[in-house]
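A quick write-up on the structure given underneath.
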Amino acid sequence: SDDLSMGAAAGLGDCPSRARAALAAGCDMVLVCNAPADAAAVVDALTGYDEPAGHARLARMHGRAAPDWETLHAQQRWRDAVAMVHGYDDAPLLDMDL
């Protein structure tokens with residue numbers, strides 16, 4: 001999720017309500033970065049929350065070590081991504097065919 005303590009999200013209810021809505025929308029985790037009291041309220045509100053599919057996705061992300069630069073740059077997937085980015089148009093026209 002984006003930071004649920006951002007001012008723009010305030011019109012969507014309190015932080016616990018925003019957290020429940022984000023999780024219901026498919027987020028596996030929620031962020032409350034700049035409001036410690038709201039973060040505590042979210043933790044309290046989500047006590048007992050259990051989403052097995054989300055746990056599995058988070059477990060797959062946990063513990064992956066980032067490759068060193070040399071290993072990363074040697075991977076074909078990296079080289080393909082770099083080539084694709086270099087192929088982007090520097091000044092694309094915005095086509096608003098309305």
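All residue numbers in this chain count up from 1 along the given sequence.
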Tell me which donor-acceptor pairs under 3.5 Å the side chains of residues 33-42 have, and how far apart each pair is, sequence neighbours excluded?
unit_1	atom_1	unit_2	atom_2	d
Asn34	ND2	Asp3	OD2	3.1

Name the atoms and distances for all side-chain donor-acceptor pairs under 3.5 Å in residues 76-85, with sequence neighbours left out.
unit_1	atom_1	unit_2	atom_2	d
Gln76	OE1	Arg79	NH2	2.6
Gln76	NE2	Asp80	OD1	2.6
Arg79	NH1	Ala74	O	2.5

Would a hydrophobic clustering, with Ile, Leu, Val, Met, Phe, Trp and Tyr connected at side-chain separations under 4.5 Å, put Leu12 with Val32?
no
Of all residues at least two apart in sequence or in a different chain, which pass the side-chain contact (heavy atoms from CB on, under 4.5 Å) check with Ala53?
Glu51, Arg57
Minimum heavy-atom separation for Ala19 to Val30, with atom names?
O-CG1, 3.9 Å
Check ring-ring contact (aromatic ring centres under 6.0 Å, His included) between His55 and all other residues, then give those that pass, not counting sequence neighbours.
none
Can you list every salt bridge (Lys or Arg N to Asp or Glu O under 4.0 Å) pair that touches residues 4-27, not counting sequence neighbours?
none
Hits for side-chain contact (heavy atoms from CB on, under 4.5 Å) against Thr71, two or more places apart or cross-chain, chain-then-number order -> Pro67, Asp68, Gln75
Shared hydrophobic cluster for Leu31 and Met6 (ILVMFWY, side-chain gaps under 4.5 Å)
no
Answer yes if Met29 and Val43 sit in the same cluster of Ile, Leu, Val, Met, Phe, Trp and Tyr residues linked by side chain heavy atoms under 4.5 Å apart, and no otherwise.
no
